[in-house]
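Because the structure is predicted, anything quoted here is derived from the model rather than measured. Counting from 1, the numbers follow the sequence of the chain as shown.
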Amino acid sequence: MTTIGVLGAGQLGRMLALAGYEMGLRFVFYDETPDAPAGHVAPLTVGRWDDHAALAAFADACDLVTYEFENVPVATAERLAATHPVAPAPRALEVAQDRLNEKTLFRSLGIGTAPFAAVGTTAELRRAVDAIGLPAVLKTRRMGYDGKGQRVLRRPEDLDVPLGPLGGHPLILEGFVPFDRELSILAVRSRTGETAYWPLAENVHRDGILRVSVAPAPGVGDALTAAAADLAGKVLTALDYVGVLAIELFEHRGDLLANEMAPRVHNSGHLTIEGSTTSQFENHLRAILGWPLGSTAPVGFAAMVNLIGETPDPRAVLEIEGAHLHLYGKSPRPGRKLGHVNLVERSPEALTAAIARLASVVAEPTLAR
């Protein structure tokens with residue numbers, strides 16, 4: 001029986017294990033946090049990312065390695081890759097962990113992005129603003145998620161604010177894109193080279209945190225779908241990628257601009273658990289094992305609503321027809337993703353109505369369409 005080692009033990013790892021158990025797989029996890037959610041469903045080794053003894057014990061317990069979040073140190077992945085297959089390869093981590101590397105890769109592949117420039121000093125920031133213009137978004141090149149590590153610059157006087165509050169890290173300035181909506185493309189590539197793509201998802205954020213995803217995204221035509229699959233395919237090929245890859249996109253005047261990539265299963269793909277023939281979690285496992293990929297066809301019109309900060313009464317959620325509740329076993333705190341609810345309906349109109357009913361229970365925004 002194959003045992004898969006997963007670096008990181010958050011909710012994404014937990015859902016990987018739950019999908020894999022149905023296929024007869026076993027799992028072990030490695031994380032710095034003793035109470036990480038995946039530890040509830042599989043053995044968890046707790047240690048620092050540079051703890052060689054703990055990593056060796058983890059490696060001895062598994063046959064191959066993957067990861068469930070992109071901030072695993074590249075050196076850790078490379079160390080494990082010396083003795084075990086690691087998928088996606090450490091190169092994907094190296095690119096995704098640095099927004100400058102990420103945007104540079106996109107540009108090298110002919111994929112459109114917002115204008116960008118590396119920033120290390122106030123003088124470099126002023127030169128970048130002169131070239132890119134305002135408004136613009138100043139971001140840390142590394143780390144930062146759910147809206148953290150970012151600052152919007154709208155007026156010349158905003159440049160006078162010290163860079164220190166962004167943590168003293170290398171920065172990147174990106175032109176502000178007045179996008180029509182945010183989309184994401186979820187792709188998967190197997191060790192055999194087989195690839196598949198799920199329908200585009202439309203995503204709604206509030207306070208920098210994903211709140212609602214809907215797929216297939218409303219009003220997406222064949223041309224936009226093909227364009228998204230084409231750009232994702234270029235990244236898969238360039239990185240010799242194995243596993244699920246998510247690319248966050250801006251739709252702007254009918255064109256797509258790549259914002260960020262995540263070399264792992266992704267929050268906007270949670271709706272594939274009930275909303276697709278094969279979930280992102282199952283197909284990630286199939287891909288890293290070299291097994292045939294499952295169909296990514298939708299089984300209806302699906303939505304995912306994140307549960308942020310607190311969990312609603314499960315009975316109130318489950319009274320909604322078509323609702324599927326997924327809780328992560330995490331303690332509540334403001335801004336923390338504690339779970340999600342998937343909704344699957346037969347028509348876009350029925351899905352919109354179901355989201356509205358759920359929003360009244362979990363106090364989250366609905367898609368404004």
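The closest side-chain donor-acceptor pair between Arg14 and His40 falls under 3.5 angstrom. Counted by atom type alone, Thr66 and Arg264 present zero donor-acceptor pairs between their side chains at under 3.5 Å. Side-chain polar atoms of Asn203 and Ser213 form a donor-acceptor pair below 3.5 angstrom. Side-chain N/O atoms of Lys330 and Gln11 include a donor and acceptor closer than 3.5 Å.
Looking only at distances, no side-chain donor or acceptor of Thr113 sits under 3.5 Å from a matching main-chain atom of Ala258.
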Is there a salt bridge (charged side-chain N to carboxylate O under 4.0 Å, His left out) between Arg99 and Glu260 once you walk through the steps? CA-CA 7 Å; Arg99 290 182 173 89; Glu260 295 182 352; 2.8 Å; yes

Before giving the answer on salt bridge (charged side-chain N to carboxylate O under 4.0 Å, His left out), spell out for Arg48 and Glu32 the whole-Å C-alpha distance, their side-chain angles and the decisive distance to 0.1 Å. CA-CA 5 Å; Arg48 300 185 312 275; Glu32 293 185 313; over 6 Å; no

Apply salt bridge (charged side-chain N to carboxylate O under 4.0 Å, His left out) to Arg286 and Glu282, showing your working. CA-CA 6 Å; Arg286 290 186 183 212; Glu282 180 177 336; 2.7 Å; yes

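No more than 12 heavy-atom neighbours from other residues, nucleotides or ligands sit within 6.0 angstrom of CD on Glu310. For CZ of Arg26, the number of neighbouring non-hydrogen atoms (other residues, nucleotides, ligands) closer than 6.0 Å is 12 at most.
Using a 4.5 Å cut-off between side-chain heavy atoms of Ile, Leu, Val, Met, Phe, Trp and Tyr, Phe58 falls into a hydrophobic cluster with Leu7, Val28, Tyr30, Trp49, Leu55, Val65, Tyr67, Phe69, Val72, Val74, Leu80, Val86, Leu93. Side-chain heavy-atom separations under 4.5 angstrom define the hydrophobic clusters, and the remaining members of the one that includes Ile172 are Leu100, Phe116.
If you look at His270 and Phe281, their ring centroids are closer than 6.0 Å.
Screening residues 220-234 for side chain to side chain donor-acceptor pair (under 3.5 Å) gives no qualifying pairs among residues at least two apart or on separate chains.
Under the 4.0 Å criterion applied to side-chain N and carboxylate O atoms, Arg181 and Glu251 are assigned as salt-bridge partners.
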